[in-house]
J.: 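Quick one: this structure, given as structure tokens, is what I'll be asking you about.
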Protein chains: 2
Amino acid sequence: MKNRPYHHGDLATELLARAEQTLREKGAAALSLRELAREIGVSPAAPSRHFKSKQALLDALALGGFERLAEATAASQREVGESFAERLDAAARAYVGFTLANAALVDLMFSVKHSPEASEALRAAAGRWSEQLFELIGAGQRRGEVREGAPERVTLPVFAALHGYAGLAVSGMLPAEMAEHGLDDVIASILRQCRPE
Amino acid sequence: MKNRPYHHGDLATELLARAEQTLREKGAAALSLRELAREIGVSPAAPSRHFKSKQALLDALALGGFERLAEATAASQREVGESFAERLDAAARAYVGFTLANAALVDLMFSVKHSPEASEALRAAAGRWSEQLFELIGAGQRRGEVREGAPERVTLPVFAALHGYAGLAVSGMLPAEMAEHGLDDVIASILRQCRPE
DNA sequence: ACCTGAACACCGTTCAAGT
DNA sequence: ACCTGAACACCGTTCAAGT
């Protein structure tokens, strides 16, 4: 057994890991830098060397969330057929699944308040994800399974429907009678609105 | 001029009013019960007589938000024609307009964490609002302008699209190329997915 | 019933000083 | 470069006591 060294070694990484655990288990309100430091066994001032403010840590968390979401979406496309319906279904379930499994993190990712510098990076990370939806629609158009139109204008309503459903489901604001077939109905409605002619 | 009386008179109301102002001007993070009390000129302990915790005040704020949203939606339907397209357009713009004008409040309304007792009241208030979308779709169906199907299953994807677009717009996560005709495209996609046959 | 004053156990952040 | 220890200016909440 080794006694704790003066230098932690990888405090930044451990802060992020513990923070995300707290986020998942107790919610964003319960996230405190001091408590994180206490759990890790480091002084209250130590985190500030790695994240210049609490908001900076939250921003880093959100950034990681977007990266994992993009990764999960990419994974969903790898083991699925080529038809638009199949690919949309996979992407939709990946997104909603990620959101439900990481509710507090997703809340953070799309929260209103981010430091302006972080917003740039966050928007870029969000872009790398929405790029995939964009690709999905474009491929559907090339196959003649999705109506024509500027891809970004066809994609936005699809994006909005998924994001909105996930948000409603996570916040518990879905009327019970809507939750039953919720995601199925949303996917069906997206296919309907994307249909050619 | 009257000197401040021992009893404020309507502290609960003034707390809510000032809290909403702070929310709008400085965001949820800047909302402090102590500062509210200071602004109003009352002791730090005074708010606790009217809201048993900070969360209780946030819940009350969210509740008021849902009531005003329902009111704004109802108003949007009063001065508009009878066709589904017109009524949907009005309701959509009322919702997105409310969201953009009250970003931090809407964030609160749909936030993940609410005290369990409040969640009941909040869901009821949200229900009174979604009831209106529900009515909108039902009326469209009776006019033959909206496809058939269980109204709650036709309504959910509409609800999701609006909620999602508003959320994306407010969080600044809308890719620039999508923001241009954003709401127009979302409304058009809703009309397309609702079209009969 | 409504509010004050003081206290308690926390925060995030800063900064000299240590290793 | 990385961390400690102590300090500063805050929090939300509770509770006896005042009016």
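These numbers were taken from a predicted model, which means no experiment stands behind them. Naming convention: chains lettered A, B, ... in sequence-line order (proteins, then strands); numbering from 1 in each chain.
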J.: Are the aromatic ring centres of A/His163 and A/Phe110 under 6.0 angstrom apart?
T.: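 Yes.
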
J.: Return the set of residues passing side-chain contact (heavy atoms from CB on, under 4.5 Å) with A/Ala150 (not counting sequence neighbours), or none when no residue passes.
T.: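 Listed in chain order: A/Glu152, A/Arg153.
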
J.: Does CD in A/Glu82 sit with more than 12 non-hydrogen atoms of other residues, nucleotides or ligands closer than 6.0 Å?
T.: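 Atom CD in A/Glu82 is not packed in, count stays at 12 or less.
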
J.: At a cut-off of 3.5 Å, list every protein nitrogen or oxygen paired with a nitrogen or oxygen from nucleotides 13-15 of chain D, distance to 0.1 Å.
T.:
from, atom 1, to, atom 2, distance (Å)
D/dT13, OP2, B/Lys54, N, 2.8
D/dT13, O4, B/Arg34, NH1, 3.1

J.: Measure from the side chain of A/Arg38, starting at C-beta and using heavy atoms only, and say which of D/dT4, C/dT4, C/dC10 lies closest.
T.: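 Of all the options, the side chain of A/Arg38 is nearest to C/dC10.
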
J.: Taking B/Phe51 as the fixed residue, which of B/Leu58, B/Leu11, B/Leu15, B/Asp59 is the one that meets the side chain to side chain contact (heavy atoms under 4.5 Å, CB included) rule?
T.: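 The passing option is B/Leu15.
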
J.: Mind telling me whether B/Tyr95 and B/Trp129 have parallel, tilted or perpendicular rings, with 30° and 60° as the class edges?
T.: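 It falls in the tilted class, 30° to 60°.
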
J.: Would you mind reading off the distance between B/Leu36 atom CG and D/dC11 atom P, rounded to a whole angstrom?
T.: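 About 11 Å, once rounded to whole Å.
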
J.: Are B/Val80 and B/Phe84 connected into the same hydrophobic cluster when the rule is that any two of I, L, V, M, F, W, Y join if their side-chain heavy atoms are below 4.5 Å apart?
T.: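 No, no single cluster joins them.
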
J.: Can you run through DNA chain C from 5' to 3' and write each base as (, ), [, ], | or . depending on how it pairs? Watson-Crick or G-U wobble, both distances under 3.5 Å.
T.: ||.|||||...|||||.||

J.: Between A/Arg68 and A/Glu20, is there a side-chain N and carboxylate O pair less than 4.0 Å apart?
T.: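 Salt bridge flag = yes for A/Glu20 with A/Arg68.
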
J.: Would you please confirm or rule out a distance under 4.0 Å between OP1 or OP2 of C/dC11 and any side-chain N or O of A/Ser32?
T.: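 Answer yes for this pair, as a side-chain N or O of A/Ser32 is under 4.0 Å from OP1 or OP2.
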
J.: Looking at A/His50, I'd like to know whether one of its side-chain N or O atoms comes within less than 4.0 Å of OP1 or OP2 on D/dC3.
T.: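 Yes, such a contact exists.
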
J.: What integer distance in Å separates B/Ile40:CD1 from C/dC3:P?
T.: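 In whole Å, C/dC3 P lies 10 Å from B/Ile40 CD1.
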
J.: What integer distance in Å separates A/Glu35:CD from C/dG12:C1'?
T.: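 Going from CD in A/Glu35 over to C1' in C/dG12 covers 14 Å.
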
J.: Considering residues, nucleotides and ligands other than B/Glu120, do more than 12 of their heavy atoms fall under 6.0 Å from its CD?
T.: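 No, CD of B/Glu120 has 12 or fewer neighbouring heavy atoms, counting only those of other groups under 6.0 Å.
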
